[in-house]
There are 2 protein chains.
Amino acid sequence: MNSLTEENYLKALFNIANIAGEVNVTELSKNLDLKMPTVTSMVKKLAEKKLVHYESYKPLRLTEKGKREAGLIIRKHRLTEMFLVDKMKLGWEDVHDIAEQIEHIKSPVFFEKMDELLGYPKVDPHGSPIPDKNGKVVWKDYNKLSDCNAGETVKLAAVINTSSEFLKFLNAREMHLGLRIKIKAIEPFDKSIVINYGKRHAETLSNVACERLLVEKEG
Amino acid sequence: MNSLTEENYLKALFNIANIAGEVNVTELSKNLDLKMPTVTSMVKKLAEKKLVHYESYKPLRLTEKGKREAGLIIRKHRLTEMFLVDKMKLGWEDVHDIAEQIEHIKSPVFFEKMDELLGYPKVDPHGSPIPDKNGKVVWKDYNKLSDCNAGETVKLAAVINTSSEFLKFLNAREMHLGLRIKIKAIEPFDKSIVINYGKRHAETLSNVACERLLVEKEG
DNA sequence: CGAATTCATTAGTCAAAGCTAATAATAATT
DNA sequence: AATTATTATTAGCTTTGACTAATGAATTCG
């Protein structure tokens with residue numbers, strides 16, 4: 001069985017890989033708020049347990065086994081967040097920290113019951129998929145907004161990262177899941193994008209932001 | 001802030017004291033499933049933190065501060081058990097182990113919300129009091145069944161310990177909280193007691209059992 | 001009462017998971 | 001290409017919380 005510490009490493013590896021693709025020791029140590037040597041030594045232990053592929057000075061990658069275990073933790077995290085908000089009426093600002101703790105609880109029945117009470121959800125309120133009981137993550141076939149073309153109309157399906165800064169950014173612009181967005185133009189200069197949606201007209205979004213927004217094409 | 005380990009020591013000290021009165025190192029180490037030297041050294045640390053009174057070779061006692069902290073943990077444990085059973089419809093056989101984990105979660109709002117959803121209960125389903133927000137335990141003025149006299153009629157109000165063996169014992173005899181019990185006789189020989197209740201007639205209970213049953217006298 | 005038994009403590013070891021300081025490998029810049 | 005900067009690793013130390021083996025108190029029993 002994995003320790004709480006190991007679970008946190010796996011989760012961080014999984015999340016960083018999802019956002020940034022590659023994971024290096026620096027990123028991981030920032031994410032976990034630990035010093036680099038600490039991370040190096042732990043990663044080696046995870047490698048011995050066949051949870052990560054590790055070669056000195058190379059990027060870190062989860063093994064299939066590692067992905068599965070990480071998926072299971074993220075499943076528990078996302079189910080917990082939904083449960084806390086939907087069933088316990090706690091505020092979104094509170095639930096993340098609580099879910100970070102509850103996700104480590106060892107009890108299959110507990111999470112199965114949550115799943116049942118929530119009606120077996122497939123995605124969480126950020127549009128992120130909830131991994132299945134085997135830790136498998138099925139991302140629907142979404143596109144990054146940054147990969148779309150001018151003239152297309154798309155529906156906002158998910159946000160890739162859920163830092164509070166980014167969520168505030170979206171909030172300030174009245175952007176929410178399900179929103180229909182019409183792409184007016186893409187600036188060749190910096191890949192920023194000009195869109196219409198709701199009552200707003202000719203809003204500009206940076207490429208950085210667009211890379212974190214997943215959309216479904218209409219049609 | 002106390003570590004998870006420390007919290008478990010405090011809770012065990014509290015529970016043993018409640019059941020057995022005095023706590024010695026042997027009992028505590030059995031309860032925590034640790035070796036005695038481990039317990040001795042931890043208890044000394046707790047003493048430095050002013051959580052227990054410690055003198056070599058003397059029984060262990062929680063300080064007021066220690067009682068308060070233990071009470072807060074037990075509050076979280078009991079609220080959690082009730083929440084899991086009443087609101088999540090989990091079985092009693094499952095909830096203890098889950099509550100043992102959830103009781104360590106750091107989040108005032110989480111437990112306040114549980115309390116609210118449960119309607120601010122004062123006792124748990126075993127009749128044990130739920131400590132208040134300051135960790136204070138208010139046992140209602142119950143009597144041990146073993147301290148009652150022949151001829152009295154009493155109502156079963158609480159069970160002091162909740163080991164599964166004891167609960168099964170009670171179950172097998174169709175005894176439950178709220179039950180009216182008429183005391184027919186007390187054997188001077190071994191202090192065992194003869195009672196009538198429900199459809200049962202002249203059942204005998206040992207003194208050991210009677211010491212763990214709290215009753216309210218009918219007035 | 002003295003011997004045996006039980007209970008508790010001391011001393012020393014170990015693993016997990018963190019740290020700092022020093023060093024080595026890789027990448028970037030001039 | 002050489003230097004500098006960044007990134008990663010090694011070596012060695014620390015704390016927490018466990019353990020075993022040996023020893024010292026307290027209690028019980030013949």
Side-chain angles (χ1 to χ4, degrees), chain A residues 1-14 16-17 19-63 66 69-70 73 100-101 103-104 106, chain B residues 1-14 16-17 19-63 66 69-70 73 100-101 103-104 106:
Chain A
M1 193 70 321
N2 302 317
S3 69
L4 196 156
T5 309
E6 285 169 343
E7 291 195 353
N8 284 331
Y9 276 80
L10 294 175
K11 194 178 57 142
L13 281 160
F14 187 101
I16 297 169
I19 294 162
E22 286 208 334
V23 189
N24 57 22
V25 177
T26 308
E27 268 312 301
L28 185 52
S29 69
K30 269 184 202 155
N31 200 287
L32 291 167
D33 199 20
L34 297 170
K35 303 296 173 182
M36 291 178 61
T38 304
V39 170
T40 301
S41 79
M42 188 67 191
V43 162
K44 284 181 177 175
K45 284 179 204 158
L46 294 174
E48 273 170 29
K49 289 190 165 193
K50 306 288 182 205
L51 292 163
V52 306
H53 295 293
Y54 174 74
E55 287 174 89
S56 301
Y57 300 101
K58 295 257 176 78
L60 306 169
R61 281 162 39 235
L62 285 171
T63 62
E69 311 239 326
I73 299 157
E100 292 257 287
Q101 301 177 68
E103 72 195 6
H104 301 292
K106 263 60 179 173
Chain B
M1 193 69 318
N2 302 318
S3 70
L4 195 156
T5 308
E6 286 169 341
E7 291 194 352
N8 284 331
Y9 276 79
L10 293 176
K11 193 177 58 142
L13 281 161
F14 187 101
I16 297 169
I19 294 162
E22 285 208 334
V23 189
N24 57 22
V25 177
T26 308
E27 268 313 301
L28 186 53
S29 70
K30 269 184 202 156
N31 199 287
L32 292 167
D33 199 19
L34 297 170
K35 303 295 174 183
M36 290 177 62
T38 305
V39 170
T40 300
S41 80
M42 189 65 191
V43 162
K44 284 181 179 174
K45 284 180 204 157
L46 294 174
E48 273 171 30
K49 289 190 165 193
K50 306 287 180 203
L51 292 163
V52 306
H53 294 294
Y54 174 73
E55 287 175 89
S56 301
Y57 299 102
K58 294 256 174 81
L60 307 169
R61 282 161 41 235
L62 286 171
T63 62
E69 312 239 325
I73 299 158
E100 292 257 285
Q101 300 176 68
E103 72 194 7
H104 300 292
K106 263 59 179 173

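Every chain is numbered from 1, with letters handed out A, B, ... down the list of sequences. Keep in mind that this is a model prediction, so the values were computed, not measured.
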**Request:** Would you name the heavy atoms of Y9(B) and V39(B) that are closest together and state the gap between them?
**Result:** OH-CA, 3.9 Å

**Item:** Partner set under side chain to side chain contact (heavy atoms under 4.5 Å, CB included) for Q101(B), not counting sequence neighbours
**Value:** I105(A), K106(A)

**Request:** Could you check how far CD of E48(A) sits from P of dA17(C), rounded to whole Å?
**Result:** 13 Å

Polar atoms only, N or O, under 3.5 Å: list the protein pairs with nucleotides 20-29 of chain D and their distances.
residue	atom	partner	partner atom	Å
dA25(D)	O4'	Y57(B)	OH	3.4

**Request:** Specify the residue among E6(A) and E55(B) whose closest nucleotide of DNA chain C lies further upstream toward the 5′ end.
**Result:** E55(B)

**Request:** Ignoring the backbone of M42(B), work out which of dG17(D), dG18(C), dC7(C) is nearest its side chain.
**Result:** dG17(D)

**Request:** To the nearest 0.5 angstrom, please state how far the NE2 atom of H104(B) sits from the CG atom of N8(B).
**Result:** 4.0 Å

Which atom pairs, donor and acceptor, lie under 3.5 Å between side-chain atoms of residues 19-29 of chain B and protein residues at least two apart or in another chain?
residue	atom	partner	partner atom	Å
N24(B)	OD1	E27(B)	N	2.8
S29(B)	OG	V25(B)	O	3.3
S29(B)	OG	T26(B)	O	2.9

**Message:** Under the rule for side-chain hydrogen bond (donor to acceptor under 3.5 Å, both in side chains), what residues qualify as partners of E69(B), not counting sequence neighbours?
**Reply:** N2(B)

**Prompt:** Could you give the NZ-to-P distance, from K58(A) to dA8(D), as a whole number of Å?
**Reply:** 13 Å

**Fill in**
When rounded to whole Å, the CD to P distance for the pair E27(A) and dT6(D) reads 15 Å

Output side-chain donor-acceptor pairs under 3.5 Å for residues 49-60 of chain B, partner residues at least two apart or in another chain, one line each.
residue	atom	partner	partner atom	Å
K49(B)	NZ	E6(B)	OE1	3.1
K49(B)	NZ	E6(B)	OE2	3.0

**Asked** How is T40(B) classified with respect to the nucleic acid when contacts are heavy atoms under 4.0 Å: base, sugar-phosphate, or nothing?
**Response** base

**Asked** Between A70(A) and L62(A), what is the shortest heavy-atom contact and its length?
**Response** CB-CD1, 4.2 Å

Distances under 3.5 Å between protein N/O atoms and the N/O atoms of nucleotides 12-16 of chain C, please, pair by pair.
none

**Prompt:** At how many degrees, to 10°, do the end axes of the helix from dC1(C)-dG30(D) to dT30(C)-dA1(D) meet when each uses five pairs?
**Reply:** 10°

**Item:** T26(A) side-chain N/O to dA8(D) phosphate OP1/OP2 under 4.0 Å
**Value:** yes

**Prompt:** If you look only at pairs with a residue in residues 31-43 of chain A, which of them pass as a salt bridge (charged side-chain N to carboxylate O under 4.0 Å, His left out), with sequence neighbours excluded?
**Reply:** none

**Prompt:** For dT16(D), does either OP1 or OP2 sit under 4.0 Å from a side-chain N or O belonging to Y9(B)?
**Reply:** no

**Request:** Round to a whole Å and report the spacing from CG of L4(B) to C1' of dA18(D).
**Result:** 14 Å

**Complete:** Between CG of N31(A) and P of dT7(D) the distance, given in whole Å, is 16 Å

**Asked** Quick one: does E103(B)'s side chain get under 4.5 Å of E7(B)'s, heavy atoms only?
**Response** no

**Asked** What is the distance from atom CG of L46(B) to atom CG of L13(B), rounded to the nearest 0.5 Å?
**Response** 7.5 Å

**Request:** Find the distance L34(A):CG to dT15(D):C1' and express it as a whole number of Å.
**Result:** 15 Å

**Non-neighbouring partners of N31(B) that pass side-chain hydrogen bond (donor to acceptor under 3.5 Å, both in side chains), sequence neighbours left out** = none

**Gap between atoms NZ and C1', on K44(B) and dT16(D) respectively (whole Å)** = 16 Å

**Prompt:** When the distance from CG of N24(A) to P of dA27(C) is rounded to whole Å, what number comes out?
**Reply:** 11 Å

